[in-house]
Amino acid sequence: MPNRIEMFRRLERQYFRDRLGTLGLQQLDGMILHLLGREGHMRQEDLAVQLAVDKGAVARSLARLEKRGLVERQVSARCRREKHVSLTPAGEGAYQGVQRILEEWGHAKYQGFTPEERALNEAFLTRIAENVIEFCRGEGTWLRI
């Protein structure tokens with residue numbers, strides 16, 4: 001019997017790859033736009049931590065987004081090595097497109113679920129992710145955030 005979580009993740013990755021591709025975005029680009037749209041502006045390092053991805057991958061994605069005029073990075077007045085990232089007006093438009101894609105996926109994956117079941121699922125997934133991050137930090141393993 002196939003691993004249902006892995007099957008779901010494959011379907012989810014393919015959905016986002018296809019849908020974000022229509023906007024000319026890669027999956028990490030969409031995740032960054034979503035987070036910046038929600039938070040307003042963030043330090044580049046905090047984006048990597050929040051998304052649990054390598055700092056280099058975030059830097060490459062931000063370079064792509066910056067080249068397209070969707071984000072801007074500014075060196076912090078406090079620390080020259082620190083960069084603050086925010087959406088441009090064009091980035092706000094791209095963020096809205098990402099939001100629509102996320103909403104469509106939410107409707108598709110939660111079809112037939114009650115609001116209570118949705119909330120429980122989100123709570124379980126949040127706790128699982130927190131457990132895994134804490135475990136990896138304690139082990140000093142692959143998760144370098």
Could you check if a side-chain atom of L102 sits within less than 4.5 angstrom of a side-chain atom of H34, using non-hydrogen atoms only? yes
Where do L33 and A94 come nearest, in terms of heavy atoms and distance? CD1-CB, 3.9 Å
When rounded to the nearest 0.5 angstrom, what distance separates CD1 in I128 from CD1 in I5? 6.5 Å
Spacing of L47 atom CG and E39 atom CD [to the nearest 0.5 Å]: 9.5 Å
If we check side chain to side chain donor-acceptor pair (under 3.5 Å) with R19, which of these qualifies: Q14, Q27, E104? E104
Give, for atom CG of L125 and atom CG of L120, the distance between the pair rounded to the nearest 0.5 Å. 10.5 Å
Set out, in order, the CA-CA distance, both residues' side-chain angles and the distance that settles side chain to side chain contact (heavy atoms under 4.5 Å, CB included) for L36 and V85, then state yes or no. CA-CA 8 Å; L36 287 173; V85 186; 3.6 Å; yes
Evaluate the side chain to side chain contact (heavy atoms under 4.5 Å, CB included) criterion for residues L70 and L87: first the C-alpha distance (whole Å), next the side-chain angles of each, then the deciding distance (0.1 Å), finally the verdict. CA-CA 6 Å; L70 301 177; L87 294 177; 5.8 Å; no
When hydrophobic residues are tied together by side-chain contacts of less than 4.5 Å, even through go-betweens, does F8 share a cluster with M31? yes
Taken to the nearest 0.5 Å, the spacing of R100 CZ from L23 CG works out to 7.5 Å
Quick one, K55 and E45 - any side-chain contact, counting heavy atoms below 4.5 Å? yes
Nearest 0.5 Å, please: how far is CZ in R64 from CZ in R60? 8.0 Å
dist K83:NZ -> E72:CD (nearest 0.5 Å) comes out at 13.5 Å
Would you please test L20 and D29 for side chain to side chain contact (heavy atoms under 4.5 Å, CB included) and show each step? CA-CA 9 Å; L20 290 169; D29 302 343; over 6 Å; no
Report yes if some heavy atom in the side chain of I101 is under 4.5 Å from a heavy atom in the side chain of F16; otherwise report no. yes
Work out which heavy atom in S86 is nearest to a heavy atom in H41; give both atom names and the distance. CB-CB, 3.8 Å
Between G69 and A90, which heavy-atom pair has the shortest distance, and what is it? O-CB, 3.7 Å
Nearest non-hydrogen partners of T88 and V71, listed with the distance: CG2-C, 3.7 Å
Could you tell me which residues satisfy side chain to side chain donor-acceptor pair (under 3.5 Å) with R73, sequence neighbours excluded, listed by chain and number? Q44, E66
What pairs of donor and acceptor atoms, side-chain ones from residues 106-113 against any protein atom, are under 3.5 angstrom apart with sequence neighbours left out?
| unit_1 | atom_1 | unit_2 | atom_2 | d |
| --- | --- | --- | --- | --- |
| Y110 | OH | N121 | ND2 | 2.8 |
| Y110 | OH | E122 | OE2 | 2.3 |

Are E6 and R10 side-chain neighbours, meaning at least one heavy-atom pair lies under 4.5 Å? yes
Is there a side-chain contact between V98 and L25, using heavy atoms and a 4.5 Å cut-off? yes
